[in-house]
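Before any comments, here is the structure.
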Amino acid sequence: MPTFTTLRIEPDPGHPRIARLLLDRPEKLNAINDQTPGELRAAVEWANANEEIHVIVVEGAGKGFCGGYDLTQFGQGEIDHPCQQERQPWDPMQDYAFMKRNTEDFMSLWRSPKPTIAKVHGHAAAGGSDIALCCDLLLMADDARIGYMPTRVWGCPTTAMWTYRLGPARAKQLMFTGDTIDGRTAAQWGLANECVPAAELEAATLKLAARIAGVPRSHLAMHKMVVNQVMLAMGLEQSQQLATVFDGITRHNPEGMWFRRYAQAEGFKAAVQWRDSGKPIPEGDEARALVREMEARAQAEKPKP
């Protein structure tokens, strides 16, 4: 069995044709760190190399599926990182290369010849929704929530899956508002294949996975390839390229820099509360002025050598 630092994968004890891929940082709400995307891809590759496995179930340990990127590291911390560069000028191609690699790692779930099922309880938020929507099928607890709140400021979903899974009108509604929806709404909108009470989610997921696992691997791979080819013909790869470029811009334009400086000064929780409250988000010259003000204050508060 392979070993990882952020997740686990193994055959289901009662169903050896089903692999269980568990995002396993419950103390961090399974937040994505630098290791998660590559380990996710490696786990999927392990399952694809195992001839007995027919289907992969992806789930989260603890209170939820995945809370997105670990923003105590990427948002609140003072770092110089490919996805959030403190140095000037910002290098968009370094940012793009880093985030496109993460997108490709998440998309290993979509490219996998073996079907993948996201089993979502709690929250599949921001980058966590990317992981869930890269899976072929989505099962949700009726009180679970999914969405990409950073579309309000400081983010663009790099997998660009919302339009392909929901259609343009529903996708625009969620991208324009940054709202999350619950499992019932996700099922009504056709985003989730099924929603059930939380206590029934495990049984419902295993029932579907076992039904799929009875089909020969080659048939599953061919049927998946046909559907995926339709999405590729619709321009999925081009959409992801544009979304990944825009994701970097949203994190480094005046509004994105305001959000980051506010998170550094007041804490990420306070920044998220502002972002999600409905209050207008500073933009343009107002955002630039606030960034300068917060940077000057931070500089003045630094201990003198």
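What you see is a predicted model; the values in this text were computed from it and never measured.
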side-chain hydrogen bond (donor to acceptor under 3.5 Å, both in side chains) partners for [X], two or more places apart:
X: R165; value: none
X: T159; value: D130
X: R170; value: none
X: R8; value: D24

_With a 4.5 Å cut-off on side-chain heavy atoms, are L139 and C195 touching?_
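Side chain of C195 against side chain of L139, heavy atoms only: no contact under 4.5 Å found.
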*Any donor and acceptor pair, going by atom type alone, linking the side chain of N48 with main-chain N or O of S112 inside 3.5 Å?*
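Checked: no pair found.
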_Main-chain N/O of A47 paired with K114 side-chain donor or acceptor, under 3.5 Å_ =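 Flag set: sc K114 to bb A47 pair under 3.5 Å.
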Using the rule that two of Ile, Leu, Val, Met, Phe, Trp, Tyr join whenever any of their side-chain heavy atoms come within less than 4.5 Å, decide whether [X] and [Y] are in one cluster.
X: L137; Y: L22; answer: no
X: V120; Y: L23; answer: yes
X: V291; Y: Y262; answer: yes
X: L290; Y: M257; answer: yes
X: L40; Y: I117; answer: no

*Grab the two heavy atoms, one from A42 and one from F4, that are nearest each other, plus how far apart they are.*
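Smallest heavy-atom distance, with atoms named: CB-CE2, 3.7 Å.
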*So which heavy atom on R152 is nearest to which on I281, and how close?*
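So the minimum-distance heavy-atom pair works out to O-CD1, 3.4 Å.
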_I'd like to check the salt bridge (charged side-chain N to carboxylate O under 4.0 Å, His left out) partners of K100; sequence neighbours left out, ordered by chain and number._
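For K100, the residues satisfying salt bridge (charged side-chain N to carboxylate O under 4.0 Å, His left out) (neighbours in sequence not counted) are E104.
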*salt bridge (charged side-chain N to carboxylate O under 4.0 Å, His left out) partners of R20, counting only residues at least two apart*: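 In terms of salt bridge (charged side-chain N to carboxylate O under 4.0 Å, His left out), with neighbours along the sequence ignored, R20 is linked to D12, E59, E202.
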Side chains of [X] and [Y]: do they bring a donor and an acceptor to under 3.5 Å?
X: D247; Y: T244; result: no
X: T180; Y: Y148; result: no
X: T158; Y: T103; result: yes
X: D34; Y: Y69; result: no
X: E255; Y: N253; result: yes

*Would R145 and F65 count as a side-chain contact (heavy atoms from CB on, under 4.5 Å) if you check the C-alpha gap in whole Å, the side-chain angles of each, and the deciding distance to 0.1 Å?*
CA-CA 10 Å; R145 301 198 72 85; F65 181 80; over 6 Å; no
*asked:* According to side chain to side chain donor-acceptor pair (under 3.5 Å), does anything in residues 223-237 pair up with another residue at least two apart or in another chain? List the pairs.
replied: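 Counting only pairs at least two positions apart or across chains, the side chain to side chain donor-acceptor pair (under 3.5 Å) contacts touching residues 223-237 are W110-N228, D136-K224.
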*Which pairs with one or both residues in residues 210-222 pass side chain to side chain donor-acceptor pair (under 3.5 Å), sequence neighbours excluded?*
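Every candidate side chain to side chain donor-acceptor pair (under 3.5 Å) pair involving residues 210-222 fails, so no pair, neighbours aside, qualifies.
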*asked:* Going by ring-ring contact (aromatic ring centres under 6.0 Å, His included), name the residues that satisfy it together with F106, two or more places apart in sequence or in a different chain.
replied: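 Not a single residue meets the ring-ring contact (aromatic ring centres under 6.0 Å, His included) criterion with F106.
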*Who are the ring-ring contact (aromatic ring centres under 6.0 Å, His included) partners of W162, not counting sequence neighbours?*
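Partners of W162 under the ring-ring contact (aromatic ring centres under 6.0 Å, His included) test: none.
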*Tell me whether the centres of the aromatic rings in W274 and W258 are closer together than 6.0 Å.*
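Ring-ring flag for W274/W258: true, centres closer than 6.0 Å.
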_I'd like to know whether the aromatic ring centres of Y96 and F246 sit less than 6.0 Å apart in this structure._
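Aromatic pair excluded; centres sit 6.0 Å or further apart.
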*asked:* With a 4.0 Å cut-off on N to O distance, would you call R184 and D143 a salt bridge?
replied: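 Looking at D143 together with R184, the answer is no, because their closest N to O distance does not fall below 4.0 Å.
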*Ion pair E295/R261, N-O distance below 4.0 Å*: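 A salt bridge links E295 with R261.
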*Could you walk me through whether I9 and M1 pass the side-chain contact (heavy atoms from CB on, under 4.5 Å) test, one step at a time?*
CA-CA 8 Å; I9 189 167; M1 228 46 69; over 6 Å; no
*Just grab all the salt bridge (Lys or Arg N to Asp or Glu O under 4.0 Å) pairs involving residues 39-51, residues at least two apart or on different chains.*
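Output for this query lists R41-D105.
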*What's the spacing between H15 NE2 and E52 CD if we round to 0.5 Å?*
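If we round to the nearest 0.5 Å, H15:NE2 and E52:CD are 12.5 Å apart.
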_Using 30° and 60° as the class boundaries, would you call the ring planes of F259 and W154 parallel, tilted or perpendicular?_
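The rings of F259 and W154 sit tilted, inter-plane angle from 30° to 60°.
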*Could you go through the side-chain contact (heavy atoms from CB on, under 4.5 Å) check for L29 and H123 one step at a time?*
CA-CA 9 Å; L29 300 178; H123 275 74; over 6 Å; no
*Quick one: side chain to side chain contact (heavy atoms under 4.5 Å, CB included) partners of A186, sequence neighbours excluded?*
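Checked A186 against side chain to side chain contact (heavy atoms under 4.5 Å, CB included); matches are M140, I181, L191, A192.
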